[in-house]
Visitor: 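Below are the structure tokens for one structure; questions will follow.
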Protein chains: 2
Amino acid sequence: MKRKGSRRKVSVQTIQRLPRYYQYISYLRKQGIRFVSSLKLSLQTYVEATQVRKDLTSIGHTGKPKVGYEIDQLMNTIEDFLGLRTIEDAVLIGVGHLGTAIVQYGGFANYGLRIKAVFDADPMKIGTHIQGRVIQDVSHVGQYVRDHKIPIGIMTLPAPGAQEVTDMLIKSGVNAIWNFAPINLFVPEHVIIKNENLAFGLAILKYRLKSLAERSSS
Amino acid sequence: MKRKGSRRKVSVQTIQRLPRYYQYISYLRKQGIRFVSSLKLSLQTYVEATQVRKDLTSIGHTGKPKVGYEIDQLMNTIEDFLGLRTIEDAVLIGVGHLGTAIVQYGGFANYGLRIKAVFDADPMKIGTHIQGRVIQDVSHVGQYVRDHKIPIGIMTLPAPGAQEVTDMLIKSGVNAIWNFAPINLFVPEHVIIKNENLAFGLAILKYRLKSLAERSSS
DNA sequence: TAGATTGTTAATCGATTAACAATC
DNA sequence: TAGATTGTTAATCGATTAACAATC
């Protein structure tokens, strides 16, 4: 394995912007468009054009003056950088509506996620099917993770019990937890945790609405 | 209305951290705990204690040396600052699994959101019920928004068609769009847009997994 | 070629962190 | 009181922006 020289560290801000560029160029590509400029990316993502160029430079991508960035190439670069082409297996725990939405949504396949098995605690659900998968008893998830060396656990279960199941998954060997339960899950240092909480986005939306109302009333 | 003097502008970073503090202190409060220190908040949210104190100062909240912050008061301050106590009405368009999950989740009520009516394009769904609401024909949503002066539209429909429905909502007078369709929606300047995309979180998780693998292999 | 667009250096800006006095 | 914890000023750090030369 050759190293491409020690790159400067890429900031978390840059990493958070990359998926947004990626979403847009995926869309352009579907339309058959082959090149994109930093200015176009800027207008679409509300990131300064200079910042776009810096971000792309920082992950080792270069464009052509007067032409811009070749979309196919850029997709490859971003996919490689974020590791989207490595397909990772996951188990999902909690087959409620949110869990079902995640299992059914085909888009995650593009990001290298494969949901291998789903689990629930509800005896009424266990044994039924969803998207070609049998819903299994959550008490068997540890064994499954161990047997299949699953690296990712997706938590779409209610908050009570979520930490317990997380602990079990980690003991069984998962490396990462993608958490949608409305609770901050704790994991040991060597485990990756991504806590999502839909209410956070709502809080920010409400704040902006409030600010809007204050502005227009003054 | 008295003004509390012109406060310095609160940064977006601070605003993004507030919901995390809020989640944690809500949890503490349920346990009957009355005070919290900046250090405890720091350990829970991975924000430096100094930063926590600065954030709280910046929204006009003060604590007591040696005691910390009174949780009830702090909840009030954050709720007021973010505007969570103002209850706003919303319509939701797209009653798939994600839409259903959002309608059913009781937690949003704490953030001042009331989903008044739900809409879908599927004739099989129109007329059926969900959580005490009749699913209405999406072609009537504009009229509904106008008649009831609804300020928020929640988009949980597939990407194709999402922009059209958004345009209609805006023409009918909504002030804000909370978008879960996997597409960047465009709105005029005076309208608030919050684009959510679950895949973005996944991309970041994948990146961390990749980095973890690289570290441990070297 | 002329002009558009990239890549990069330098300047700015603002967020974070460190240090510590104030105080309950 | 002594000590823990807040609130704030000053220092640092790094991200963003501006400017512009390079170049296709």
Side-chain angles (χ1 to χ4, degrees), chain A residues 4-21 24-25 28 33-78 81 204 207, chain B residues 4-21 24-25 28 33-78 81 204 207:
Chain A
K4 289 192 188 171
S6 62
R7 291 203 197 95
R8 221 174 298 152
K9 201 169 172 281
V10 177
S11 74
V12 294
Q13 285 87 337
T14 295
I15 289 155
Q16 286 170 352
R17 285 188 292 261
L18 291 175
R20 296 208 271 151
Y21 304 150
Y24 179 52
I25 59 175
L28 290 180
I33 296 168
R34 292 195 52 215
F35 292 93
V36 66
S37 67
S38 59
L39 184 63
K40 258 200 199 163
L41 276 161
S42 170
L43 293 172
Q44 179 73 22
T45 59
Y46 302 101
V47 173
E48 286 290 323
T50 307
Q51 184 73 76
V52 171
R53 295 200 291 275
K54 265 223 160 150
D55 284 342
L56 299 187
T57 303
S58 78
I59 63 167
H61 193 86
T62 57
K64 289 204 187 79
K66 203 177 165 170
V67 177
Y69 303 93
E70 217 260 296
I71 286 176
D72 277 347
Q73 275 181 23
L74 183 52
M75 285 187 71
N76 289 350
T77 307
I78 295 179
F81 183 82
I204 291 164
Y207 172 73
Chain B
K4 290 191 187 174
S6 63
R7 292 202 196 92
R8 222 173 298 152
K9 200 168 173 280
V10 177
S11 74
V12 294
Q13 284 87 339
T14 296
I15 288 156
Q16 286 170 351
R17 285 188 292 262
L18 291 175
R20 296 207 272 150
Y21 304 150
Y24 180 52
I25 59 175
L28 291 180
I33 296 169
R34 292 197 49 216
F35 293 92
V36 67
S37 67
S38 59
L39 184 63
K40 256 199 199 163
L41 276 161
S42 170
L43 294 172
Q44 179 74 22
T45 58
Y46 302 101
V47 173
E48 286 291 323
T50 307
Q51 184 73 77
V52 172
R53 295 200 292 276
K54 266 224 159 151
D55 285 343
L56 299 187
T57 302
S58 78
I59 63 167
H61 193 85
T62 58
K64 288 205 189 78
K66 199 174 168 172
V67 175
Y69 302 93
E70 217 260 295
I71 286 176
D72 278 346
Q73 275 180 24
L74 183 52
M75 285 186 71
N76 288 350
T77 306
I78 295 179
F81 182 82
I204 291 165
Y207 172 72

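So that the names make sense, note that chain A is the first sequence line, chain B the second, and so on, each numbered from 1.
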Visitor: Using Watson-Crick or G-U wobble geometry with both distances under 3.5 Å, which nucleotide pairs with C:dC24?
Guide: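 With both distances under 3.5 Å, C:dC24 matches D:dG3.
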Visitor: Measure the distance from CD on B:Q16 to P on C:dA15 and round it to the nearest whole Å.
Guide: 12 Å
Visitor: Please report the distance, rounded to the nearest Å, between NZ in B:K54 and C1' in D:dG7.
Guide: 10 Å
Visitor: Does B:Y46 put a side-chain nitrogen or oxygen below 4.0 Å from OP1 or OP2 of C:dT16?
Guide: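 False: B:Y46 side-chain N/O out of range (4.0 Å or more) of C:dT16 OP1/OP2.
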Visitor: Does A:R53 make a side-chain N or O approach to OP1 or OP2 of C:dG7 shorter than 4.0 Å?
Guide: no
Visitor: Distance from B:I78 atom CD1 to B:L56 atom CG, nearest 0.5 Å?
Guide: 6.5 Å
Visitor: Could you check whether B:S37 gets within reach of a base, just the sugar-phosphate, or nothing at all, counting any heavy atom under 4.0 Å?
Guide: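 Sugar-phosphate contact only - B:S37 comes under 4.0 Å of backbone atoms but never of a base.
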Visitor: Whole-Å distance between C:dT6 C1' and A:Q73 CD?
Guide: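 About 14 Å, once rounded to whole Å.
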Visitor: Nearest whole Å is fine: how far is D:dT17 C1' from A:R17 CZ?
Guide: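 It works out to 12 Å between those atoms.
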Visitor: To the closest 0.5 Å, what do you measure between CD (A:Q44) and CG (A:L28)?
Guide: 7.5 Å
Visitor: Between D:dT8 atom P and B:D55 atom CG, what is the distance in whole Å?
Guide: 14 Å
Visitor: Strictly below 4.0 Å: does B:S38 bring a side-chain N or O up to OP1 or OP2 of D:dT5?
Guide: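 For B:S38, the contact criterion (side-chain N or O under 4.0 Å from OP1 or OP2 of D:dT5) is not met.
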Visitor: Would you mind telling me which of D:dG7, C:dT6, C:dG3 lies closest to the side-chain atoms of A:P65?
Guide: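 Within the option list, the nearest is C:dT6.
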Visitor: Once you round it to whole Å, what is the distance between P of D:dT17 and CD of A:Q13?
Guide: 11 Å
Visitor: With a 4.0 Å cut-off on heavy atoms, is B:S11 in touch with a base, just the backbone sugar-phosphate, or nothing at all?
Guide: sugar-phosphate
Visitor: Base, sugar-phosphate alone, or nothing: which one does B:K66 contact when heavy atoms must sit under 4.0 Å apart?
Guide: base
Visitor: Taking any heavy-atom pair under 4.0 Å as a contact, classify A:T14: base, sugar-phosphate, or nothing.
Guide: nothing
Visitor: Quick one: on DNA chain D, does A:Q51 or B:K64 contact a more 5' nucleotide (nearest heavy atom)?
Guide: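 Here B:K64 is the residue nearer the 5' end.
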Visitor: Return the value, rounded to whole Å, for the distance between atom CD of A:E48 and atom P of C:dT6.
Guide: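 About 14 Å, once rounded to whole Å.
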Visitor: How long is the line joining CG of A:L41 and P of C:dG7, in whole Å?
Guide: 12 Å
Visitor: In Watson-Crick or G-U wobble terms, both distances under 3.5 Å, what is the partner of C:dC13?
Guide: D:dG14
Visitor: Has B:T77 got a side-chain atom pairing as donor or acceptor with B:Q73's backbone, closer than 3.5 angstrom?
Guide: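 Yes; at least one donor-acceptor contact below 3.5 Å.
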Visitor: Walk me through whether A:L74 and A:Y21 qualify under side-chain contact (heavy atoms from CB on, under 4.5 Å).
Guide: CA-CA 9 Å; A:L74 183 52; A:Y21 304 150; 5.8 Å; no
Visitor: Distance check: side-chain N/O of A:T50 vs OP1/OP2 of D:dT17, anything under 4.0 Å?
Guide: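 Result: no.
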Visitor: Can you say whether the rings of A:F81 and B:Y207 are parallel (under 30°), tilted (30 to 60°) or perpendicular (over 60°)?
Guide: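 Because their plane-to-plane angle is under 30°, the rings of A:F81 and B:Y207 count as parallel.
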